[in-house]
Structures are given as C-alpha cells and as structure tokens.
Amino acid sequence: MCSWRTIPCSITELCLDHTLPSGQSFRWKKNGDNDWVGVLGCSVYLLNQTSTQLRYKVFGKESETKSGGLESLSGRRSTTKTKAKAAKINGVVSPSPPADHDTVLKDYFQLTVCLHKLYSTWSDVDDNFKAVAQRFPGVRILRQDPVENLLSFICSSNNNISRISGMVENLCVHFGEPIVEVSGQMYYSVPSVDKLALPGVEDTLRKLGFGYRAGFIVKSCQTILENDPGWLVGLRTRPYQEAREQLMTLPGVGPKVADCVCLMSLDKPGALPVDTHVWQITATNYLKQLNNTKSLTPTVYTQIGDFYRTRFGEYAGWAHSVLFTADLRPNKNKETEQVGDGVAKKKKKLK
DNA sequence: CGGTGACCTTTCG
DNA sequence: CGAAAGGTCACC
C-alpha cells in the first residue's frame with residue numbers, strides 16, 4: 001500500500017466536508033468518517049485532510065491530464081494531438097503515483113485562489129455572509145471537467161439531488177470506461193460525448209429513468225460534436241456573456257444551467273446560478289421588492305445576479321456558493337435555516 | 001416582456 | 001399517496 005501524499009493547504013482555504021457535498025459535483029462519496037473518494041479524469045482519488053494539509057492517494061491508470069487542460073477528458077474527438085500525448089503513458093499499475101497528481105488537485109481545487117482574502121472582503125460588505133462564513137469556512141468552487149459539469153446540470157432540472165446523483169452515476173457506469181476497483185467498488189470515468197451521441201442512447205437513458213432529460217443529453221452531445229473540436233473547453237477563454245450565450249444553444253441548457261457550467265468549469269467566477277431557492281431567499285433577505293414577483297423571469301434572474309455581483313465583486317459566484325451552501329445540506333436544521341443568523345426566511349408559497 | 005403548462009421519474013413529507 | 005424536486009421549452 002502506498003502512503004499518503006500531501007499538499008500544504010489550510011483547512012480554511014479548503015474544507016472538503018463543506019466543499020465536496022455542496023452540490024457542485026455529484027461524484028464524491030464519503031468513505032468512512034474522514035475520507036472522500038471520487039474520480040478525476042482517469043484516476044480514482046482518495047482524499048482527506050488535517051488542519052494544515054490536504055492528503056491523498058491515487059488509484060488506477062496514470063492520468064493523462066495536464067495542468068489546466070481537461071480537454072482530453074471531455075470527449076473531444078479532436079484526437080490527433082491529444083492522442084499523441086496520451087500515448088506517452090507508461091501504463092503501469094504503479095504503486096507510486098505519478099508526479100503530476102499534485103498539479104491535478106491544485107487545479108481542481110483552484111488552490112491558487114486565496115479564499116481567506118475573499119472571505120475577509122465579503123465579510124466586510126455583508127453581515128449575512130459574515131455569519132454564514134463562520135459556520136462554513138473553506139467553501140470553494142471546483143474547477144470541473146466541462147462535460148461532467150454540463151451533463152450533471154442538464155440532469156438537475158426540476159429534479160432532486162438524490163436522483164441527480166444516481167443519474168450521473170448511471171451515465172458513468174453505462175457509458176464511461178472502467179478505471180479500477182477500489183475496495184470492492186469499480187469506478188468509471190465520465191463518458192465521452194461521442195459515446196452519448198450514438199443512436200439508441202436516448203432510449204437506453206429513458207429506460208434508466210432519465211425521463212425527458214434523456215433527449216437533452218443526447219442532443220446536447222450531438223450539438224457539441226457538430227461544433228468545432230475544443231469548442232466547449234474553449235469557452236474558458238471567452239468572456240462570460242459569450243460563454244453563457246453559447247452554452248444556451250444546447251438543448252436543456254437555460255440560464256441557470258449555463259451559469260452553473262460557467263461558474264464550475266469555465267473559469268467564470270462572477271457567474272451566479274439563480275434557482276428558485278436563491279430567488280426566494282434573496283427576495284426575503286435582500287431585495288424585498290422581489291417579494292411580489294410571481295416567477296423567476298429572465299429580468300428577475302439578471303437583477304439578482306447583478307445585485308450579488310455588485311456587492312461581492314469579481315468572484316461573486318464563489319461568495320454565492322458560500323452563502324447558500326448551508327441550505328443544501330441534507331441535515332440542515334430547520335430551526336436555523338436561514339441565510340445568515342437571525343434573519344427570517346421562507347415566505348410562504350403563494351399559489 | 002411576463003404568464004402558463006407540460007415534461008419523466010424519483011424522492012420526500 | 002400527492003407534492004416537490006437546484007429548470008427548460010413552447011406558446012400565448
């Protein structure tokens with residue numbers, strides 16, 4: 001058994017227990033009391049942490065992922081170049097992880113972004129944030145594979161977390177590649193868009209319980225393939241608004257899903273997903289004039305995003321994930337459910 | 001622009 | 001059991 005590898009990292013910069021279950025990725029599972037297991041690229045990672053370091057073990061093939069480029073994981077069929085790189089792998093079932101896994105994790109957790117400073121700034125401008133921040137330190141935005149991120153959130157529409165997780169799992173098990181078995185459990189990669197664009201897939205997904213999202217997934221993958229190779233990941237270097245518009249050309253991708261993808265995998269820290277919950281809480285606690293809005297129209301959606309962007313600045317999307325993380329926890333305490341302490345929440349539903 | 005209803009199925013209360 | 005679930009799309 002290989003030993004744990006470590007990366008220096010304060011628990012206030014990254015708290016796995018607050019970040020991994022915050023509804024960004026649906027693929028991390030708690031393993032025992034301290035460990036988290038998940039798949040990044042073509043490797044299975046086992047993670048835990050102390051107050052000063054992030055610790056990990058890697059299982060499976062050596063990842064071909066290069067720092068900053070998850071392209072090869074994204075179902076590109078641009079082949080030639082990525083193939084050439086991938087061919088370099090010394091596919092040993094090596095007990096010692098390759099040197100590059102530090103880089104993969106630093107990239108995934110975006111450890112070069114100084115969360116401590118951001119928290120401090122946001123606490124200065126918002127009392128609600130300050131209160132929530134004390135209870136939930138170390139919440140940061142992951143830098144996910146755009147394909148995983150996109151598929152996950154196409155599944156999220158009008159759906160519950162529990163089922164979404166199962167659907168993502170099913171996508172990987174049925175259309176991804178097996179990676180390695182760890183303690184009796186096989187792990188799979190995120191499927192390539194090529195696989196999901198094949199004829200017959202929609203029927204299979206329907207049978208797997210995806211409902212109307214089956215069509216969205218297949219058609220979105222087909223659309224991705226019709227675009228230039230690298231189109232999706234290329235949105236990382238396009239302006240926020242443009243990336244958002246482009247994403248919304250995909251079936252099943254509206255404003256909310258587009259913002260999730262912008263924020264969580266396309267390097268748009270100011271993107272701010274507004275769901276019904278965020279809308280309600282914001283109307284109650286911040287923008288009272290929205291209390292009489294009847295639905296989450298594009299206008300209201302923009303107002304809410306702009307409000308937070310004005311208040312929290314360039315990384316408003318990151319602030320938003322801290323602010324609302326408490327409300328997604330399965331075991332949230334109903335008595336204290338609120339944004340910040342002492343602020344009333346939940347208006348009753350009018351119908 | 002804003003309002004309405006359908007959409008699949010599972011989980012939740 | 002029925003309602004709700006991190007929406008989106010089509011249509012008025």
Side-chain angles (χ1 to χ4, degrees), chain A residues 19-28 139 141-142 144 148-171 201-221 223 244-265 271-284 289-305 308 317-318 320-334 337 339 345-351:
Chain A
T19 299
L20 263 15
S22 68
Q24 298 184 55
S25 166
F26 299 90
R27 297 202 70 197
W28 290 98
V139 178
I141 296 295
L142 272 17
Q144 299 184 244
E148 174 182 345
N149 193 197
L150 177 70
L151 296 174
S152 300
F153 282 89
I154 286 177
C155 291
S156 78
S157 80
N158 195 22
N159 206 352
N160 57 64
I161 303 276
S162 174
R163 177 153 77 126
I164 300 166
S165 304
M167 289 163 77
V168 173
E169 174 72 6
N170 266 330
L171 279 179
V201 172
E202 181 170 346
D203 283 342
T204 306
L205 291 177
R206 283 264 176 184
K207 283 169 189 152
L208 287 171
F210 280 67
Y212 62 83
R213 300 167 197 81
F216 286 160
I217 287 174
V218 172
K219 291 188 189 77
S220 276
C221 288
T223 305
R244 190 170 187 271
E245 281 173 31
Q246 290 285 301
L247 287 171
M248 286 174 64
T249 64
L250 300 173
V253 179
K256 195 267 183 177
V257 172
D259 275 332
C260 285
V261 178
C262 280
L263 176 64
M264 303 170 191
S265 64
L272 203 144
V274 180
D275 54 41
T276 53
H277 193 225
V278 169
W279 166 49
Q280 295 297 336
I281 298 281
T282 303
T284 304
Q289 70 272 26
L290 295 184
N291 268 317
N292 48 25
T293 53
K294 295 207 51 184
S295 64
L296 187 45
T297 63
T299 306
V300 174
Y301 190 107
T302 302
Q303 280 184 58
I304 292 172
Y308 286 113
W318 287 51
H320 143 285
S321 81
V322 177
L323 209 45
F324 293 97
T325 191
D327 299 293
L328 276 100
R329 319 205 113 226
N331 290 328
K332 64 185 174 185
N333 181 346
K334 289 297 184 186
E337 179 186 348
V339 172
K345 62 137 215 171
K346 189 146 270 180
K347 62 194 207 177
K348 68 178 57 155
K349 237 157 223 178
L350 21 89
K351 56 177 297 197

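For the numbers below, each heavy atom of this structure counts, side chains included, while hydrogens, waters and symmetry mates do not.
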Whether [X] side chain and [Y] backbone form a donor-acceptor pair below 3.5 Å:
X	Y	value
Ser321(A)	Trp318(A)	yes
Arg27(A)	Val168(A)	no
Gln24(A)	Leu142(A)	yes

Straight-line distance of [X] [atom1] to [Y] [atom2], nearest 0.5 Å:
X	Y	atom1	atom2	value
Leu272(A)	Cys260(A)	CG	SG	10.0 Å
Glu202(A)	Arg213(A)	CD	CZ	13.0 Å
Cys221(A)	Leu250(A)	SG	CG	9.0 Å
Asp259(A)	Asp275(A)	CG	CG	11.0 Å
Leu171(A)	Ile154(A)	CG	CD1	9.5 Å
Leu208(A)	Asp203(A)	CG	CG	11.0 Å

What is the distance, rounded to the nearest whole Å, between atom [atom1] of [X] and atom [atom2] of [N]?
X	N	atom1	atom2	result
Leu247(A)	dG7(C)	CG	C1'	15 Å
Ile141(A)	dG6(C)	CD1	P	17 Å
Asn158(A)	dC7(B)	CG	C1'	8 Å
His277(A)	dA5(C)	NE2	P	9 Å
Glu202(A)	dC7(B)	CD	C1'	13 Å
Tyr301(A)	dG3(B)	OH	C1'	20 Å
Arg244(A)	dT8(C)	CZ	C1'	13 Å
Met248(A)	dC9(C)	CE	C1'	11 Å

Heavy atom of residues 255-263 of chain A under 4.0 Å from DNA chain C: which residues?
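Contacting residues: Pro255(A), Lys256(A), Val257(A).
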Output the residues of residues 159-170 of chain A in contact with DNA chain C, where contact means a heavy atom of the residue under 4.0 Å from an atom of the strand; sort by number or write none.
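Correct list: Asn159(A), Asn160(A), Ile161(A).
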Please measure how far the [atom1] atom in [N] lies from the corresponding atom in [M], and state the result in whole Å.
N	M	atom1	answer
dC8(B)	dC1(C)	P	25 Å
dC9(C)	dT10(B)	P	23 Å
dT4(B)	dG6(C)	P	23 Å

By nearest nucleotide on DNA chain C, pick out whichever of Val253(A) and Val278(A) is the more 5' one.
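Whichever sits nearer the 5' end wins; that is Val278(A).
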Regarding Pro251(A), tell me which of base, sugar-phosphate or nothing describes its non-hydrogen contacts under 4.0 Å with the strands shown.
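Sugar-phosphate: the residue Pro251(A), judged by heavy atoms under 4.0 Å, touches backbone atoms but no base.
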Contact class for Val274(A) (heavy atom, under 4.0 Å): base, sugar-phosphate, or nothing?
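Here Val274(A) touches no strand at all.
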Give the nucleotide from the list dC1(B), dG3(B), dC7(B) with an atom nearest to the side chain of Lys294(A).
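For Lys294(A), the side-chain atoms sit closest to dG3(B).
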Indicate whether OP1 or OP2 belonging to [N] is found under 4.0 Å from a side-chain N or O atom of [X].
X	N	answer
Thr299(A)	dG2(B)	yes
Ser295(A)	dG3(B)	yes
Ser156(A)	dA5(C)	no

Secondary structure of DNA chain B in dot-bracket form (Watson-Crick or G-U wobble, distances below 3.5 Å, | marking inter-strand pairs)
.||||||.|||||
Please work out whether the ring planes of Tyr212(A) and Phe216(A) are parallel, tilted or perpendicular, with thresholds of 30° and 60°.
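Answer is perpendicular, since the angle exceeds 60°.
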What are the residues of residues 203-221 of chain A, sorted by number, that bring a heavy atom to within less than 4.0 Å of DNA chain B?
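Output list: Arg206(A), Gly209(A), Gly211(A), Tyr212(A), Arg213(A).
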Side chain to side chain, Phe153(A) and Lys256(A), heavy atoms closer than 4.5 Å:
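Yes; the side chains approach each other to less than 4.5 Å.
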Counting C-beta onward and ignoring hydrogens, is there a side-chain heavy-atom pair between Leu151(A) and Cys155(A) closer than 4.5 Å?
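Not touching, per the 4.5 Å side-chain cut-off.
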Among all residues two or more places apart in sequence or in another chain, which pass the ring pair (Phe, Tyr, Trp, His ring centres under 6.0 Å) test with Tyr301(A)?
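Scan of Tyr301(A) (ring pair (Phe, Tyr, Trp, His ring centres under 6.0 Å), adjacent residues dropped) gives none.
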For Val274(A) versus Leu296(A), what's the shortest heavy-atom pair and its separation?
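Closest heavy-atom pair between Val274(A) and Leu296(A): O-CD2, 3.5 Å.
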Identify, with sequence neighbours excluded, every residue that meets side-chain contact (heavy atoms from CB on, under 4.5 Å) alongside Gln246(A).
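Residues passing side-chain contact (heavy atoms from CB on, under 4.5 Å) with Gln246(A): Trp231(A), Leu235(A), Glu242(A).
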